[in-house]
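First the proteins, then the strands, lettered A, B, ... as listed; each starts at 1.
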Amino acid sequence: MQELHLIQGEHKHLVIEHVADDSAQWHIVQEAGSVLTIHLFCLDSDAAMTGSVVLDIEQTGEHAETYIYGLGILTGKQQIEVRTHVRHSVPNGKSNQLLKFAVKDEAKGSFVGELVVDPHAQHAEAMQTNRNVLLSPKATMHTQPQLEIYADDVKCSHGASTGQIDESALFYMQQRGIGVVEARQLLLTAFFHDVLTTLGEPIVEERIQRRIAQQLA
Amino acid sequence: MHASIAGKEILKGINLQIGAGETHAIMGPNGAGKSTLSAVLTGNPAYTVTEGEVIFRGKDLLQMSPEVRAREGLFLSFQYPVEIPGVSMTNFMRTAVNAKREHQGLQPLSAGEFLKLMRAKRALVELDNKLASRSVNEGFSGGEKKRNEIFQMAMLEPCLSILDETDSGLDIDALRIVAEGVNKLHTADNATIVITHYQRLLDYIVPDYVHILADGQIVRTGGKELALELEQTGYAGLAEHPNTSANMVGTAQ
């Protein structure tokens, strides 16, 4: 587990791209006014990889902001667990989590999203969204949003869904001459689009796009 | 050709031959198998061909994947065009056009060439530039979706286009624009199948042949006047006639 302490007003951007070791496990404390942005990319090509991501974050100072954006394409027999724990301990905090996974082959994915708003953490704004697409009959995704809201004057929302690729869209694209692999790539690029645009760095975005294409080929 | 869905036979022996430069209308009551025919021809995986064959420009169509059929020049204007959020019309169309070009052994179009082509074809169906810059069909009105289908047809320049109830959900102005687009695209080298319930569309897209499909078979074939006759007698009246003009179209089974 790695430790990180954001002092008052500090801005920090973490990009996590390797989930097979403990570099993907973090305990982070945020002081007042600090802004933490995490981008998580689970795009490893090793088909036998197992990985565990832990993002344990506590806002201890007011007006702290936490953003977690993640996407992943799990392939082969990969098993990856992503666990987020965001705790609002003080008033006026903000957090947003947006995580999207596509699961191929016989891969297994798991998302456990814990969001805690303590009794005196009034005016917290906390959102959590997890969307998943299964690309094969043997792929599985387990999603478990866990919200514990103890304050009453807060704005909180969450959503979780797991579905399949839209077969009618796939056929429509094929009917225009687009091959299945490319059609899926277009559909999944669209699926990941809102996560990618949060990067705000075109060079990194392009690199991630290429890795998405490789994972889907 | 015979075809079924989920074990239920829908097409029960269809014989049809379409020559270059021809426009064929296929009319028939609900459940006759009109949409099944277009689904089978384009390779929709929900349907199974149980008997017969389809020869498309000398090649065995049924052996091809849906995308190869399209690249070979088969186009379907969908009755219900699909919305694809997040995939831009431009990206979608460029991928489709270049997939076809690659199939033909041609170089992909440059960005400039492609945009020029988009502009030219858009004008043909009076498709708003705003629509061309949005996600595929997302938030388009019924008429815009149909116009967008014909725009895609113009971009891909197919040999055989199937218009599956392209008139449904169109008001008279949109119908006219769509039909004019189809007519402008018509050449001596390509052919069109117009699937429709009503005579109305055939006032604008004038067919060389009209086929009446009922219960999975073509029960009558005639010229464009057959559609007018149908308008008066309804489908019930026509079913009693023998298929006297079947020799107007050859058989291709």
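Contact of B:L156 with chain A is made through the side chain alone, with heavy-atom distances under 4.5 Å. Proximity to chain A (any heavy atom under 4.5 Å) is shown, for B:V68, by neither the backbone nor the side chain. The contact between B:P66 and chain A is made by backbone and side chain atoms together, counting heavy-atom distances below 4.5 Å. Of the two parts of A:E182, only the side chain, counted from C-beta on, holds a non-hydrogen atom closer than 4.5 Å to a non-hydrogen atom of chain B. When heavy atoms are compared at a cutoff of 4.5 Å, B:P158 does not approach chain A at all. For B:N98, no part lies near chain A; criterion is any non-hydrogen pair under 4.5 Å.
Chosen from A:G177, A:A169, A:A190, the residue pairing most often with chain B at heavy-atom distances under 4.5 Å is A:G177. If you tally non-hydrogen atom pairs under 4.5 Å between each of B:I84, B:V97, B:V136 and chain A, the highest count goes to B:I84. For chain A, the option among B:E149, B:E83, B:M153 with the highest count of heavy-atom pairs below 4.5 Å is B:E149. Ranked by heavy-atom pairs under 4.5 Å with chain A, the first of B:K100, B:Q152, B:H103 is B:Q152. Of all the listed residues (B:A99, B:G86, B:A96), the one sharing the greatest number of non-hydrogen pairs under 4.5 Å with chain A is B:A96.
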> Going through the distances and angles, do B:E157 and B:K121 end up as a salt bridge (Lys or Arg N to Asp or Glu O under 4.0 Å)?
Replying inline: CA-CA 10 Å; B:E157 299 181 338; B:K121 303 295 186 179; 3.2 Å; yes
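A 4.5 Å side-chain heavy-atom check between A:H13 and A:V35 finds every atom pair outside the cut-off.
The pair A:E114-A:R87 does not count as a salt bridge, with every side-chain nitrogen at least 4.0 angstrom from each carboxylate oxygen.
Within a 6.0 Å radius of NZ in A:K138, no more than 12 heavy atoms belonging to other residues, nucleotides or ligands are found. By the 6.0 Å contact criterion, CD on A:Q164 is open, its count of non-hydrogen atoms from other residues, nucleotides or ligands being 12 or less. Few gaps surround NE2 on B:H197; more than 12 heavy atoms of other groups in view lie less than 6.0 Å from it. The number of heavy atoms from other shown groups lying within 6.0 Å of CG (B:L106) is above 12.
Taking the ring centre of A:Y172 as origin, the terminal cationic atom of A:R176 falls inside the region bounded by 6.0 Å and 45° from the ring axis.
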